[in-house]
Amino acid sequence: MMKNVNPFNITKAVDYSDAEIDTFWVDIPGGNGFIDLLKPDSSMPMMILGGKGSGKTHLMRYFSFNLQIIRYGDTLKSDLEKDGYVGVFLRCGGLNSSKFSGSNQTSDAWRGIFSYYFELWLSQLVVNIIVDISSKLTDIDHGVERKTCNQIASLFDVDVAQEFRSFLELRSYLQKLQRQVDFEVNNCAITGNKISDLRILVSPGKLVFGLPKILRESIPLFNNIQFLYLIDEYENLLEYQQCYINTLIREREDPTSFRIGARWYGIKTYSTYSGQEELKVGSEYEKVIIDQLLRERKGAYNEFANQIFFKRLEKTGYLGRQNRVPEMKISEYFVEFDLDVFFNRLATKEKSVWKSYFKTLRANLKTKTTDKVIDKIIANLSCDENPLVERTNVLLFHRAWNNGSKDLLASSERIKSNAREYLSNQSDKSTLHNKILDKFKGDIIDQLHRDSREKIMYVGIEKIIKMSAGIPRLFLIMLKHMYRWSIYNGEQPFGGTPISMDAQQKGIEDAMKWFLDDARVPGPSGRPIANTIDRIGQLLHEIRFSDVPPECSLSSFSINVSDIDEDVENILNYLEQYSYLIRGSERREKNSSVRRITYQINGLISPQWELPVFTRGILELNSSEVLAIFSSQSDEDFQKVKTERWSRYNAPFKNNIQPSLTLFDDNDD
Amino acid sequence: MITMIDANFDFSFFYKSKYSTISEFVEARSYELYIAAFNDSERVRSVFCQVNSSVKHWIVFPQYGYSDGELPSEASDIVFTFPSFMTEGEVVRDYIRRSGIDLSTVGQICIDITGFIRPHLVFLVRYLSLFDIQVDFVYSDPVRYKKREQTDFSSDYTHVRQIEGCQGVHNPELENDYLIICSGYDNLRITDVSKDKANAKKIQLFGLPSLQPDMYQENILKAYAAEEATSNGRESFIDTESTLFAPANDPFVTANVIRDFVETEQAREGITNLYLCPLSTKVQTLGMALYFVACCVNTSTSIIFPFCDQYSRETTEGISRVWCYTVDFKALK
């Protein structure tokens with residue numbers, strides 16, 4: 001019997017070896033895929049930003065030299081010339097860059113030491129590649145190597161010609177210089193004394209730009225090759241360190257270019273040391289936000305996720321198994337939500353439990369009318385044969401009440417008649433019930449889940465892909481946990497039977513818990529940001545599950561641009577950059593000059609507040625709500641605005657304001 | 001590849017003594033200088049109060065957030081406080097300077113590590129390793145953690161960095177980096193440090209036997225919450241490849257276990273960079289620090305730590321045993 005292997009166990013590019021990166025590579029559909037995105041032979045530098053798990057590292061490693069040689073095999077020389085670039089991959093995490101700060105040194109001293117260290121570090125990576133190439137090709141003979149080393153020696157500010165005559169010796173020499181820096185820096189951290197014995201032997205940029213230039217001039221193989229510095233994990237650098245590398249980007253010299261990979265929030269500055277000017281997007285660098293790009297290309301992302309799914313199944317042997325149903329679609333691997341099954345389950349429950357909305361309604365009507373009339377109203381609204389219709393009746397009744405109906409009994413009778421009309425011909429789009437269900441069906445089904453104390457269902461591949469919000473890692477983490485639960489439940493995932501709703505649901509819960517733990521914002525900003533997203537979630541939840549929700553499929557909100565002060569903007573930026581929120585378009589209010597920006601809660605955390613994944617309605621936050629949610633230290637202000645909203649949308653409707661409907665349809669964009 | 005200074009050092013060479021009660025410890029030992037980190041723990045205060053020592057120093061770490069009115073006020077108490085902006089190196093150096101201790105001539109010295117903040121303890125060990133000195137490290141076992149596995153230890157996380165003095169000479173090639181975490185209950189910190197060295201293979205060292213029998217299960221339950229960050233895509237959470245065990249109250253076995261693992265991996269595939277992170281008991285933290293000073297100085301090894309601005313003043317209840325670990329730093333050279 002074949003051992004069960006979770007095809008989705010690896011969720012991070014860092015956990016793949018170079019060979020596995022190549023094996024599991026999936027390109028984005030359309031054109032030349034990711035080559036068109038990263039443009040490795042273009043000299044224009046690029047910032048590749050994105051949420052955690054959006055695929056930056058996978059992408060950058062794919063274009064690194066280690067992957068190039070795997071792809072080339074025996075045709076290294078010709079393929080290298082064809083590609084026109086060598087990818088020099090550097091993880092900033094390895095630099096342990098925070099040690100270049102504090103310890104009684106001046107900021108100028110640290111700047112000088114770090115730039116020297118970075119120069120030595122990056123040069124070693126270039127030299128490693130040259131050593132590797134020269135061991136594989138015969139193009140570089142000893143004479144060329146020695147001559148090249150002599151030229152490289154001239155890049156130093158002191159005479160180092162005797163230190164190295166081969167690339168291997170050059171590597172050792174650079175290592176030795178790096179060790180000297182490490183020793184001095186480490187020593188000053190113990191003693192607290194200033195660094196005084198360190199000699200900086202090469203000026204900033206000399207090796208980073210000079211090495212490739214000399215290699216291009218001395219070795220024919222590199223005549224048309226660009227040295228592409230792929231600098232990943234940029235967020236790990238301190239601000240002054242980023243400033244230094246930004247300066248290198250600005251002062252870039254052929255044949256080098258840069259691709260910088262960073263979390264969205266990871267760019268601490270765009271400043272340079274060239275007169276403190278900022279790097280200019282468009283003319284000095286291009287910027288790509290990878291998950292945003294994947295979200296915008298919705299069809300392409302769905303296809304991309306589809307391909308990732310099948311590639312994993314293929315490489316872990318699931319597609320080759322005999323009991324697999326041939327040519328199954330991705331959706332067939334997952335049980336979809338079935339309304340009839342849900343209704344059957346409701347039928348097994350005590351009515352007093354799942355029809356709790358009648359109990360609430362009765363209590364609310366007590367002050368308005370007699371028990372006898374209440375009985376009649378509830379009888380009119382009841383529809384045992386179809387819980388969806390019954391719940392719709394209750395919604396319509398609350399609407400009538402909210403709209404100021406003078407005769408609620410008559411209203412309930414009209415609703416009863418409308419329900420009969422709907423049940424006699426459900427395909428008739430003109431019935432009141434059909435109009436309501438067209439917009440609120442998902443909300444009403446979720447309300448029935450809450451009423452009956454059932455968990456709201458987040459299942460089916462379409463929802464799973466949507467919940468991943470253009471971030472492949474979120475997609476993989478959900479699948480990883482679903483697989484685990486499926487095995488735990490005794491199912492045979494990907495072995496012919498689809499993954500149950502229970503396993504899907506629990507897998508999503510685990511993935512959500514991981515996200516909430518993982519996306520914590522460090523430092524003093526952490527708490528206000530966590531409070532803010534929770535308040536937004538709570539408010540949307542209260543309104544969604546109110547008696548007369550003003551919007552359908554509510555998981556988005558909008559803010560008037562003029563309400564966004566510096567503090568609010570900071571929090572919104574954090575929430576967006578840590579992928580809690582997804583920014584939508586900026587729109588103008590109807591018949592007004594007011595501009596509003598829309599944000600949607602990330603689908604993966606929607607279950608935290610029982611919000612929908614596919615969004616349509618948008619909650620328009622007013623100024624006092626923005627203040628209470630984003631800026632208030634105390635929870636009291638927030639509870640106050642929440643209660644105000646609650647009483648507006650719940651019987652007995654103290655505020656009695658006619659709701660307006662704004663539609664924002666996921667399927668429209 | 002990493003080069004160890006003395007990969008064969010046997011830490012079990014050092015003595016450790018167990019005392020069933022504080023009185024037993026007090027009767028057996030006396031010192032010229034006794035240093036303890038002040039917090040709300042009865043374990044720390046009782047031992048400090050009763051121990052025989054010519055001079056006793058309280059170190060008050062700013063991360064516990066004590067106000068002036070809450071500080072020790074006995075006439076005999078010598079208290080050292082520090083501003084919150086000071087790093088672990090600055091705190092220890094400032095303490096040594098202000099206390100006027102001459103580590104070359106100080107007599108019998110004992111340090112109660114029970115209430116120490118981990119990075120400060122690691123730096124202190126690194127600092128002491130510069131001297132030919134013998135030190136007793138004392139640790140009191142708790143009976144239980146206050147809220148069992150739900151106990152909060154640290155908050156207001158800021159960032160991960162190398163502990164001062166324990167910064168290595170690292171290698172630009174990162175393909176076989178390792179991160180060994182002494183994993184305790186503080187799962188968020190396990191996640192934080194694992195994310196910081198995302199590319200490293202994660203090895204977790206758990207305290208077994210634990211301080212009390214039920215603490216092992218609680219520990220595993222908590223550490224599992226960080227599984228996504230630590231698993232490296234492995235199928236199982238605990239396996240022979242990625243899990244180590246050492247007694248939670250034995251620094252010397254802890255150091256030996258880490259040493260053996262590193263030696264084996266070195267021989268097998270080689271290690272490009274090694275990171276150590278102490279997040280379990282203070283005793284295992286001591287073990288990790290001793291391993292570093294004996295085997296890793298000026299190699300591509302660093303001790304890293306997820307720094308936080310606040311720590312709980314007391315997380316435990318009761319006192320079950322007192323341990324005394326005698327370290328001869330001269331022997332580590």
Side-chain angles (χ1 to χ4, degrees), chain A residues 3-6 8-18 52 57 66 90-91 93-99 101-104 120-125 128 174-175 178-183 185-187 189-192 233 236 477 480-481 510-511 513-514 517-518 520 522-524 526-527, chain B residues 85 87-90 92-94 97 123 126-127 129-130 155-175 177 187-188 191-192 195-202 225-229 231-235 272-273 275 297-298 300 302 304 306-309:
Chain A
K3 187 176 173 277
N4 286 316
V5 175
N6 188 338
F8 306 101
N9 247 347
I10 294 187
T11 57
K12 312 189 282 285
V14 289
D15 290 336
Y16 273 143
S17 65
D18 289 333
K52 188 173 183 179
T57 300
N66 283 2
L90 181 152
R91 274 184 218 284
L95 287 164
N96 296 298
S97 62
S98 59
K99 74 177 174 185
S101 64
S103 296
N104 281 331
L120 297 171
W121 191 273
L122 198 50
S123 306
Q124 285 181 70
L125 293 173
N128 284 348
L174 292 170
Q175 259 170 12
Q178 183 216 316
R179 287 178 71 89
Q180 284 171 359
V181 181
D182 278 320
F183 180 79
V185 171
N186 298 350
N187 203 37
I190 301 173
T191 61
E233 303 175 348
N236 283 335
I477 288 177
K480 171 175 119 171
H481 288 292
D510 282 350
K513 273 186 220 154
W514 164 80
D517 261 359
D518 192 77
R520 283 171 292 118
R527 277 188 198 175
Chain B
F85 61 79
T87 63
E88 63 280 7
E90 288 165 341
V92 171
R93 285 195 302 269
D94 188 51
R97 184 182 58 77
F123 183 85
R126 176 75 179 96
Y127 194 84
S129 74
L130 302 174
S155 55
D156 292 352
Y157 162 72
T158 58
H159 64 299
V160 173
R161 67 165 168 81
Q162 294 157 303
I163 293 177
E164 289 176 334
C166 301
Q167 300 149 314
V169 179
H170 284 282
N171 182 352
E173 294 292 335
L174 314 178
E175 70 275 10
D177 285 7
N187 63 293
L188 291 179
T191 301
D192 293 331
K195 279 161 61 181
D196 189 75
K197 292 290 169 239
N199 71 301
K201 295 184 177 80
K202 317 291 182 313
E227 179 265 352
E228 172 63 24
S231 75
N232 293 120
R234 281 185 305 271
E235 200 75 30
T272 43
N273 293 290
Y275 295 96
V297 174
N298 290 331
S300 57
S302 289
I304 58 175
F307 283 80
C308 290
D309 283 343

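Values in this document were obtained by computation on a predicted structure and should not be read as measured data. Keep in mind that the numbers below use all heavy atoms, side chains included, and drop hydrogens, waters and symmetry copies. Chain A is the first sequence line, chain B the second, and so forth, proteins listed ahead of strands; every chain is numbered from 1.
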With a 4.5 angstrom heavy-atom cut-off, could you sort out which part of [X] is near chain B: side chain, backbone, both or neither?
X      : answer
A/D518 : both
A/S97  : neither
A/K52  : side chain
A/K99  : both
A/W121 : both
A/N66  : neither
A/L90  : neither

*Taking only residues two or more places apart in sequence or in another chain, which ones pass ring pair (Phe, Tyr, Trp, His ring centres under 6.0 Å) with A/H481?*
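Partners of A/H481 by the ring pair (Phe, Tyr, Trp, His ring centres under 6.0 Å) criterion come out as none, since no residue qualifies.
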_Run the ring pair (Phe, Tyr, Trp, His ring centres under 6.0 Å) test against B/Y275 and tell me which residues pass, sequence neighbours left out._
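With neighbours one apart ignored, the set is B/H170.
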Only pairs of heavy atoms separated by less than 4.5 Å count here; which of [options] has the most with chain A?
options                        : result
B/R161, B/Q162, B/R126         : B/Q162
B/K195, B/R234, B/E164, B/E173 : B/K195
B/P172, B/C166, B/G233, B/C308 : B/P172

*asked:* Side chains of A/T11 and B/E228 only: does a donor on one sit below 3.5 Å from an acceptor on the other?
replied: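 Checked: A/T11/B/E228 side chains pair up, N/O donor to acceptor below 3.5 Å.
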*How about B/Q167 and A/D182: does a side-chain donor come under 3.5 Å of a side-chain acceptor?*
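Distance-only check fails for B/Q167 and A/D182.
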Contacting moiety of [X], where chain A heavy atoms sit under 4.5 Å:
X      : value
B/L174 : side chain
B/A229 : backbone
B/N187 : side chain
B/Y127 : side chain
B/K201 : neither
B/T87  : neither

*When you check the gap from the basic side-chain N to the acidic O, do A/K480 and B/E227 get nearer than 4.0 Å?*
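Looking at A/K480 and B/E227, the cut-off is met.
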*Any chance you could lay out the salt bridge (Lys or Arg N to Asp or Glu O under 4.0 Å) test for B/D192 and A/R520, step after step, and finish with the verdict?*
CA-CA 10 Å; B/D192 293 331; A/R520 283 171 292 118; 2.8 Å; yes
*Output yes when a side-chain donor or acceptor of B/K197 lies under 3.5 Å from a complementary backbone atom of A/G93, and no otherwise.*
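Present.
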_I want to check something: taking the side chain as every heavy atom from C-beta on, are A/V14 and B/N232 in contact at a cut-off of under 4.5 Å?_
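Not touching, per the 4.5 Å side-chain cut-off.
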